[in-house]
Amino acid sequence: MTVRILYFAYFRERAGRASEDVSPPGDVTTVAQLMAWLAARGEGREKAFADAALVRVAVNQNYVKMDHPIKPGDEVAFFPPVTGGATGGGAA
């Protein structure tokens with residue numbers, strides 16, 4: 001199974017790359033398992049995924065939870081939480 005990984009913001013900085021194609025073992029079937037497998041590969045990924053609470057994930061451009069299944073050909077994007085701005089009035 002080959003999966004396309006996209007890293008954004010500090011994930012890209014820590015992983016040292018913007019993207020990569022990976023072939024995880026067959027027992028990696030969810031986003032959480034993929035993230036753990038990537039972290040175990042080192043090269044800065046372990047730092048990128050050290051706090052799962054700070055990881056947001058999209059599979060094929062749809063936000064998903066960590067238990068979301070992955071399948072061959074998926075595009076999995078990792079990015080930090082996004083904060084919203086003020087509504088109805090803007091900055092003073």
Side-chain angles (χ1 to χ4, degrees):
M1 163 169 70
T2 299
V3 177
R4 181 93 173 142
I5 306 295
L6 302 177
Y7 299 101
F8 292 95
Y10 68 79
F11 294 103
R12 178 177 49 223
E13 294 169 15
R14 292 180 177 163
R17 64 194 80 211
S19 65
E20 65 181 325
D21 293 325
V22 298
S23 297
D27 61 342
V28 174
T29 60
T30 67
V31 168
Q33 292 169 335
L34 175 65
M35 197 168 74
W37 180 77
L38 287 167
R41 296 181 72 196
E43 300 176 16
R45 295 181 200 95
E46 72 280 359
K47 290 180 183 176
F49 298 126
D51 187 351
L54 299 179
V55 180
R56 296 296 177 264
V57 183
V59 174
N60 301 325
Q61 300 183 7
N62 294 304
Y63 293 106
V64 298
K65 295 183 177 181
M66 293 294 175
D67 62 349
H68 186 82
I70 56 171
K71 59 186 183 306
D74 277 349
E75 178 185 82
V76 181
F78 294 102
F79 50 92
V82 177
T83 59
T87 59

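Starting from 1, each residue takes its place in the sequence as its number.
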Colleague: Show the nearest heavy-atom pair for residues E46 and A39, with the distance to one decimal.
Modeller: CB-O, 3.5 Å
Colleague: Residues two or more places apart in sequence or in another chain: which of them pass side-chain contact (heavy atoms from CB on, under 4.5 Å) with R17?
Modeller: Y7, A15, E20, E43, R45
Colleague: Nearest 0.5 angstrom please: K65 NZ to R56 CZ, how far?
Modeller: 11.5 Å
Colleague: To the nearest 0.5 Å, how far apart are CD in Q33 and CG in D67?
Modeller: 10.0 Å
Colleague: Not counting sequence neighbours, which residues clear ring pair (Phe, Tyr, Trp, His ring centres under 6.0 Å) with F49? List them please.
Modeller: F11, F78
Colleague: Kindly indicate whether the side chain of V57, heavy atoms from C-beta on, has any atom under 4.5 Å from the side chain of M66.
Modeller: yes
Colleague: For a quick test of reading the model, state the closest non-hydrogen atom pair linking T2 to S23 and the distance between them.
Modeller: OG1-OG, 3.3 Å
Colleague: Starting from L6, can I reach Y10 by hopping between I/L/V/M/F/W/Y residues whose side chains sit under 4.5 Å apart?
Modeller: no
Colleague: Check the hydrophobic clustering (I, L, V, M, F, W, Y; side-chain heavy atoms under 4.5 Å; chains of links allowed) and say if L38 and M1 are grouped together.
Modeller: yes
Colleague: Can you spot which of R4, E75, R12 makes a side chain to side chain donor-acceptor pair (under 3.5 Å) with S19?
Modeller: R4
Colleague: Would you kindly confirm whether V64 and I70 end up in one hydrophobic cluster when ILVMFWY residues are joined by side chain heavy atoms under 4.5 Å apart?
Modeller: yes
Colleague: Under 4.5 Å between side-chain heavy atoms, counting indirect links through other Ile/Leu/Val/Met/Phe/Trp/Tyr residues: same cluster for V76 and W37 or not?
Modeller: yes
Colleague: Using side-chain heavy atoms (C-beta onward) and a distance below 4.5 Å, is L54 in contact with P80?
Modeller: no
Colleague: What's the separation between atom NZ in K71 and atom OG1 in T29, rounded to the nearest 0.5 Å?
Modeller: 12.5 Å
Colleague: With clusters defined by side-chain heavy atoms of hydrophobic residues (ILVMFWY) lying less than 4.5 Å apart, directly or transitively, does V22 cluster with V31?
Modeller: yes
Colleague: Any side-chain heavy atom of V55 sitting closer than 4.5 Å to one from M35?
Modeller: yes
Colleague: Decide yes or no for L34 and I5: does some side-chain heavy atom of the first lie under 4.5 Å from some side-chain heavy atom of the second?
Modeller: yes
